[in-house]
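Numbers restart at 1 for each chain; the letters A, B, ... are given by sequence-line order, proteins then strands. The analysis underlying the following values was restricted to heavy atoms, covering all of them including side chains, and did not include hydrogens, waters or symmetry mates.
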Amino acid sequence: MKRIFLPGALLLPVMLLVGCGESETSVNRSAEQDSLREVLGIPEHFPLPYVPEFNLPTEEKIALGRRLFYEERLSANETQSCASCHEQARAFADGETVPTGSSGERLTRNSQGLANVAYHPTLTWASKIFTNIESQLHVPLRADNPIELGITDGVLDEVLDRFNDAPLYSQLFANAFPEAEPGVTINKISHALASFVRTMVSADSAFDRWLAGDEQAMTDQQKEGFVLFNGEKFECFHCHGGINFSVSYRDSNSDPGSLSVPFFNNGLYNVGGDGSYPPNDQGLFELTQNPNHRGLFRPPTLRNVAVTQPYMHDGSIETLREVVLHYARGGRRIEDGPLAGDGRLSPLKSGLVRGFSATEEEVDAVVAFLEALTDETFLTAPEFSDPEPE
Amino acid sequence: MSKTNRIFLALLSAVSLLAPPQAIAHGQYGHEFRTGLEASAALTYRSADLAEEVDDYRISGALMGGESYREEQGLNLSSAHLTGFYQPQKDIQVAASLAVHSHDDNYEIELDKALISWQPALTKGIFLIEAGMMSTLTTDSASRHADTDLVAEPSLVSDVLWGRHHRDLGLRATYLLGGWTVGVEAWNGDGWPAADRANAFSGYLAYNIALWGGNLSNRAWLFRADAEDREDDRFDPGHNHSDDLEDLELPAFTGHTQLVGWDLDWKKDLQTGSLQISMRLTRSQSEGDLTLTGQAFPYENAYTAGLVLGAYRYEANTFYVRAEQIELDNDFNADITATQIEAMGLTGNYEPWKGLLGWQRQTGDQFAIRLEAVVSRHQAGSTEKALNLGVIWQSPLL
């Protein structure tokens, strides 16, 4: 009583002036934002992802999308589904260096995990043109070079009829698109799939629990790793910063006019000493043909990264420890063969990949921290699983 | 405690404050033109950092900026001015003032004022036009300096609502008649809370009346400023000395801020000294967008601040007490998470306050010493205490 008396007495007249109110910070979300959160299942500590106006999610679309995701009839030869390359237990990556499509063709890039895809402003390892999941999905569905699911023009009607002819699917499509003209279309398929993929939010890792205040959720080693990850020696956060561990980030608050869509060359290759990447995949350059864009890739999210090995766009690094050592060296050196070259000396490498000397303990700590981003809930959540397991 | 009891207690403690100041008279509100040069400086030894618990001077829930730097423990030159006046002809005065401010162990010399004043001869009342670099005269909370103010301790109200002090290129017209004063000001729009040459204007209306054998000055004012991408650049690399700012993502504000205030001062001369009671009630409201790394959040805030000062001068000694408190309300009309709000430093769920007891003694014409005991809350749940021991020097040089 005595201790608070002096400041208390001083403050009384002021409190009278100010009106004894209480400071408060409040968030007034719109009803639309609330319902989007609910339909997509976004936890409170996560921002609402960007959702295109033309494909607002509904429970019905999501349910249909989930079924289609696991549906092998969605590939021309009925052998593959999305899940063939995107397995839940691997955070929807596939464990392969590069996957093989339904017709047996090998793809050039590693299958990406799908956790929190909704928070990326651009889709795939290196593209500026796919700015929503809907448009990107036309690649696995429709592409003919290389073939993934292989719904090329010639077989399109045949594949759509499989769904039109199945009573269960006609009903699901009708429920999901009540206002559209009846009949299955490729757009309805991609919209339903995109709605399902948008619900794949991973937000319950040890890191998230630690963030929410559970000091025990991460080990001391993991906490040390987090500090190193965010420090000016390792510099990881410059490219893998923020709630989704990627600066290639977009959510519902992002201003479309000033979206940043960053790509970096992290020094994996330096073929011929001029900064080139292997000729079959030079990253953003494939799209822009700008020589300075050789080796530019989107910084991927690192959530669940401990279960998505092998790493990088071509699956060319096996373990997380090797990834960290790659950054410590400041680029990868390939001794001989057609891809020989020292990535560290690449003229196109990002200035943020400078190399650093780290102790074994420090490397271990960063790896341990990356492991704290594994979200068991996400990897086993029934709502993402095959609705009709064999 | 019943409501009547509370009000009674409040009145009682207000009465206990009835012991104020004789703010060292400064040219601020004077209209006597002259030629001269004067200097002033305040040197203060602080026993503890201001806002001890926080790395940098931030108050959770307050969108701060400007020049509200943290005062550090040790001996500091709080503020110093060299001011020159020149009266080339009867109705014109040119004035310029250089100020020294310190923060983070750096001293910066800046042009605090540079203005020309014109006072045309009128048959009724006084009309004054001023143009140049200056501070708003709407309220003294916008331009407190330790070397010209009674109190050494920076005011929370000034720090939070005015970025410690306002300064901008502007134009002011003042008219005084009888006990009334009315002033209007238009600004270039660069002085916090304005930014990037956005619109800013202000005005005030004051009147003086005799009350209880003293003089009561009653002032109502308004200051409105637009801001375009206003950043809190107190933490620019050059200014910041802590490494761990990654967790801090300070947003930029685009929108408008409107401050309204009511300033009351009652002064009474006594045989042996004087008595002053002052009260400042200010409400600042901002509306616009906070932007951060390509994201925009529709945002509003309302900060309500109260300050009470009492000073009692007895011969060369002035005893004073000052208390202030701010209620900080922030509203996001956006889908934003608690983590994002926290990273912006706008979580605020407490009312920062500061109180102090002081004693100032005039020792000769040019010097005064002062001692202040300060208690404050800048962060939820922690109280900070500090002692200030200071010397003030004020001298006409010419």
Side-chain angles (χ1 to χ4, degrees), chain A residues 3-30 32-34 36-37 42-49 121 203 208 211-212 227 229-232 237-238 241-243 247 249-261, chain B residues 6-7 9-14 16-17 60-61 243 246-247 279-281 291-297 301 303-308 321-341 346-357 373 375-377 383:
Chain A
R3 292 192 52 199
I4 60 160
F5 180 72
L6 175 70
L10 284 174
L11 286 171
L12 269 168
V14 190
M15 279 163 56
L16 195 74
L17 274 177
V18 177
C20 301
E22 290 200 353
S23 296
E24 200 183 316
T25 293
S26 51
V27 174
N28 312 310
R29 293 201 294 243
S30 67
E32 192 195 2
Q33 286 163 336
D34 278 334
L36 276 176
R37 275 185 173 271
I42 310 297
E44 278 298 315
H45 75 288
F46 252 55
L48 183 64
D208 293 287
L211 207 60
V227 172
F229 185 90
N230 282 316
E232 291 297 339
F237 72 99
H238 289 296
I243 188 113
V247 293
Y249 178 83
R250 176 177 199 179
D251 68 28
S252 62
N253 293 307
S254 303
D255 174 4
S258 56
L259 262 194
S260 117
V261 289
Chain B
R6 271 215 308 253
I7 294 175
L9 254 180
L11 286 175
L12 201 75
S13 52
S16 74
L17 291 183
S60 179
D243 303 328
E246 283 86 62
D247 58 340
M279 177 217 86
R280 304 283 177 267
L281 183 59
T291 50
L292 187 67
T293 52
Q295 303 201 295
F297 303 91
N301 70 33
Y303 300 159
T304 314
L307 177 150
V308 176
V321 31
R322 187 176 77 187
E324 31 182 353
Q325 183 171 35
I326 311 189
E327 180 195 325
L328 303 164
D329 288 322
N330 294 282
D331 269 296
F332 286 89
N333 299 311
D335 190 293
I336 183 169
T337 64
T339 325
Q340 287 172 300
I341 295 178
L346 290 173
T347 302
N349 48 6
Y350 65 102
E351 295 77 47
W353 51 256
K354 194 189 270 193
L356 60 89
L357 285 170
V375 260
S376 58
R377 169 159 301 173
T383 319

J.: Just do the side chain to side chain contact (heavy atoms under 4.5 Å, CB included) check on A:T25 and B:F332 with the steps written out, would you?
T.: CA-CA 8 Å; A:T25 293; B:F332 286 89; 4.1 Å; yes

J.: With A:F46, which residues qualify under ring-ring contact (aromatic ring centres under 6.0 Å, His included), at least two apart?
T.: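 If we apply the ring-ring contact (aromatic ring centres under 6.0 Å, His included) test to A:F46, skipping adjacent residues, the hits are A:Y119.
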
J.: Under a 4.5 Å cutoff for heavy-atom pairs, which residue among B:A338, B:A334, B:P352 has the most contacts with chain A?
T.: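 Looking at each of B:A338, B:A334, B:P352 in turn, B:A334 comes out on top.
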
J.: Heavy-atom distances under 4.5 Å only: say whether B:I341 touches chain A with side chain, backbone, both or neither.
T.: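 For B:I341, the side chain is the part near chain A, not the backbone.
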
J.: Sequence neighbours left out, what pairs pass salt bridge (charged side-chain N to carboxylate O under 4.0 Å, His left out) with at least one residue falling in residues 329-340 of chain B?
T.: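 Salt bridge (charged side-chain N to carboxylate O under 4.0 Å, His left out) check on residues 329-340 of chain B returns A:R29-B:D335, A:R37-B:D335.
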
J.: For a 4.5 angstrom cut-off between non-hydrogen side-chain atoms, does B:N333 reach A:N28?
T.: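 Yes, side chains in contact.
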
J.: Less than 4.5 Å to any heavy atom of chain B: does that hold for the side chain of A:S260, its backbone, both, or neither?
T.: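 Nothing of A:S260, per the 4.5 Å heavy-atom cut-off to chain B.
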
J.: At a heavy-atom separation under 4.5 Å, does A:S30 approach chain B through its side chain, its backbone, both, or neither?
T.: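 No part of A:S30 comes within 4.5 Å of chain B.
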
J.: Between chain A and each of B:T337, B:T291, B:I336, count heavy-atom pairs under 4.5 Å; write down the option with the most.
T.: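 Max contact count across the listed options: B:T337.
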
J.: For chain B, which candidate among A:L211, A:D251, A:L259 shows the most heavy-atom pairs at distances under 4.5 Å?
T.: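 Of A:L211, A:D251, A:L259, A:D251 has the most heavy-atom pairs under 4.5 Å with chain B.
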
J.: Do B:W353 and B:V375 make a side-chain contact, defined as non-hydrogen atoms from C-beta onward lying under 4.5 Å apart?
T.: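 Sidechains of B:V375 and B:W353: in contact.
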
J.: Which atoms of A:E24 are under 4.5 Å from chain B, going by heavy atoms: the side chain, the backbone, both sets, or neither?
T.: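 It is both, since atoms from each part get that close.
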
J.: Between B:Y350 and chain A, which part of the residue has a heavy atom less than 4.5 Å away: side chain, backbone, both or neither?
T.: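 Backbone only.
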
J.: Considering only heavy atoms, which portion of B:T339 lies under 4.5 Å from any heavy atom of chain A: side chain, backbone, both, or neither?
T.: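 B:T339 touches chain A through side-chain heavy atoms alone.
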
J.: Side-chain donor-acceptor pair under 3.5 Å between B:E327 and A:S23, yes or no?
T.: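 B:E327 vs A:S23: no donor-acceptor pair found between side chains.
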
J.: Let me confirm one number: the CD-CG distance from B:E351 to B:L328, rounded to the nearest 0.5 Å.
T.: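 Going from the CD atom of B:E351 to the CG atom of B:L328 covers 7.5 Å.
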
